[in-house]
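As structure tokens, the structure follows; a few thoughts come after it.
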There are 2 protein chains.
Amino acid sequence: MLSMKTQYAFKALMYLAQKDNGEPILIAEIAEKKNIPLKFLENILLELKKAGVLDSKKGKGGGYFFNQRPTDVRLAKIMRLIEGPIALLPCVSLNFYQKCKNCDERHCGLSNVMKEVRDATLLILENKTVADIAFINI
Amino acid sequence: MLSMKTQYAFKALMYLAQKDNGEPILIAEIAEKKNIPLKFLENILLELKKAGVLDSKKGKGGGYFFNQRPTDVRLAKIMRLIEGPIALLPCVSLNFYQKCKNCDERHCGLSNVMKEVRDATLLILENKTVADIAFINI
DNA sequence: GTTATATGCTTTCGATGAAGACGCAATATG
DNA sequence: CATATTGCGTCTTCATCGAAAGCATATAAC
């Protein structure tokens with residue numbers, strides 16, 4: 001299960017993408033509309049800014065807005081940024097790899113299965129962007 | 001990422017399946033061979049016993065052994081038992097469903113993507129058993 | 001029935017994550 | 001320049017997780 005932080009990050013990005021008209025959007029507005037604790041959201045948006053996904057403007061008329069285009073921000077990137085590894089085991093993570101103790105990975109049935117899960121997950125998350133999840137209307 | 005508890009559970013089950021000859025196996029032996037904190041492992045094996053996956057015998061010659069056949073224990077079952085939900089969001093979980101606040105799930109792009117991830121993951125975890133990950137030899 | 005051997009149960013401690021309180025710093029507007 | 005607005009930074013609190021310790025209970029062997 002994703003941490004609250006990651007869930008909030010996705011929801012905030014969706015909201016920002018949906019209201020994106022060049023104008024900065026208040027943290028407080030996002031927090032209220034998407035039911036996210038204000039101070040927690042401040043932290044999350046700050047991380048997204050430091051990573052170059054968002055940018056912000058201070059003072060009156062300030063707020064947050066996209067630095068990259070929503071069509072260019074893959075969900076996998078956000079996951080790795082806020083949540084950390086996408087894989088279920090450290091020893092099968094591409095970006096956060098850690099070796100297993102007492103387990104020869106080439107002969108480990110568990111890590112082989114978890115590699116399958118990782119690949120299936122990445123196939124989806126690397127090909128969906130923030131724009132994809134923001135503009136769906138079924 | 002899976003919690004340590006779940007990772008340990010899988011490793012312990014693999015070890016038990018590999019050494020399965022009807023004889024009980026000591027918690028201490030599993031803990032030592034698989035590098036798992038002893039007292040932590042006791043808790044994990046107890047949960048697996050209460051769920052009917054394992055059984056145990058006390059006293060000399062005691063230890064843990066399978067109650068169900070390893071070929072009948074699906075990985076998804078262990079995940080749900082120890083880790084909880086397999087889905088990445090509460091609102092797309094089959095067994096631990098919780099409704100989203102401020103989000104109409106039928107029109108939510110995020111939950112649609114996370115459903116895809118869930119289905120892809122389940123397709124793998126529901127079709128692999130403890131026996132599958134224990135007896136692989138590539 | 002006593003003893004050694006194992007599991008079973010409860011409590012505790014530290015680390016991490018979620019969330020709130022308060023004050024500081026930057027900026028648009030008059 | 002003054003002030004209101006808004007993002008930024010730090011510190012505290014509360015819950016959960018990982019891990020360990022201690023005692024209780026069951027049982028096989030003698």
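The sequence lines fix the lettering, A, B, ..., with proteins before strands; numbering per chain opens at 1. The model shown is predicted, which means the values in this text are computed figures rather than measured ones. Atoms considered below: every heavy atom in the structure, side chains included; atoms not considered: hydrogens, waters and symmetry mates.
Nucleotide D:dG9 holds its P atom 10 Å from the CG atom of A:Asn43, rounded to whole Å. When rounded to the nearest whole Å, the span between CG of B:Leu41 and C1' of D:dA21 equals 16 Å. Whole-Å rounding puts the A:Glu47 CD to D:dG7 C1' distance at 16 Å. A:Leu26 has its CG atom 14 Å from the C1' atom of D:dA4, to the nearest Å.
Residue B:Asn35 holds its CG atom at 11.5 Å from CG of B:Leu41, rounded to the nearest 0.5 Å. Distance check, rounded to the nearest 0.5 Å: CG of A:Leu16 to CG of A:Leu48 gives 9.0 Å. The distance from atom CG of B:Leu13 to atom CZ of B:Phe66, rounded to the nearest 0.5 Å, is 5.0 Å.
Nucleotides of DNA chain C that come within less than 4.0 Å of any heavy atom of chain B span, from the 5' end to the 3' end, C:dT5 to C:dC9.
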Check against side-chain contact (heavy atoms from CB on, under 4.5 Å), B:Ser93 and B:Arg118: CA-CA 8 Å; B:Ser93 171; B:Arg118 178 203 65 191; over 6 Å; no
List the steps, then state whether side-chain contact (heavy atoms from CB on, under 4.5 Å) holds for B:Lys34 with B:Met14. CA-CA 10 Å; B:Lys34 304 303 276 185; B:Met14 286 172 72; 5.5 Å; no
For the pair A:Tyr15 and A:Glu29, evaluate side-chain contact (heavy atoms from CB on, under 4.5 Å) and give the outcome as yes or no after the intermediate values. CA-CA 10 Å; A:Tyr15 188 81; A:Glu29 180 186 338; 2.6 Å; yes
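A donor-acceptor contact under 3.5 angstrom links the side-chain atoms of B:Lys39 to the base of D:dG22.
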Check residues 49-56 of chain B and write down every donor-acceptor pair under 3.5 Å in which the side-chain atom is one partner and the other belongs to a residue at least two apart or another chain.
residue : atom : partner : partner atom : Å
B:Lys49 : NZ   : B:Ser56 : OG           : 2.9

Would you be so kind as to tabulate the donor-acceptor pairs closer than 3.5 Å made by side chains of residues 74-89 of chain B, with sequence neighbours excluded?
residue : atom : partner  : partner atom : Å
B:Arg74 : NH1  : B:Glu126 : O            : 3.1
B:Arg80 : NH1  : B:Glu126 : OE2          : 3.1
B:Glu83 : OE1  : B:Ser3   : N            : 3.1
B:Glu83 : OE1  : B:Ser3   : OG           : 2.9
B:Glu83 : OE1  : B:Thr6   : OG1          : 2.3
B:Glu83 : OE2  : B:Ser3   : N            : 3.4

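Within the 4.0 angstrom heavy-atom criterion, no nucleotide atom of any strand lies near A:Leu45. Counting non-hydrogen atoms under 4.0 angstrom, B:Ile27 reaches the backbone sugars and phosphates but no base. Using a 4.0 Å heavy-atom distance criterion, A:Leu38 is classed as making no nucleic acid contact.
Annotation for A:Ala12 and A:Leu45: closest pair CB-CD2, 4.1 Å, computed over non-hydrogen atoms.
Using a 4.0 Å cutoff on non-hydrogen atoms, the parts of residues 50-66 of chain B near DNA chain D are B:Lys58, B:Gly59, B:Lys60, ordered by number.
Residues that satisfy the ring pair (Phe, Tyr, Trp, His ring centres under 6.0 Å) test with A:Phe10, not counting sequence neighbours, are absent from this structure.
At least one side-chain heavy atom of A:Leu94 sits less than 4.5 Å from a side-chain heavy atom of A:Leu122.
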Enumerate the protein-to-nucleotides 14-18 of chain D contacts in which both atoms are nitrogen or oxygen and the separation is below 3.5 Å.
residue : atom : partner : partner atom : Å
D:dG18  : OP1  : B:Met4  : N            : 3.3

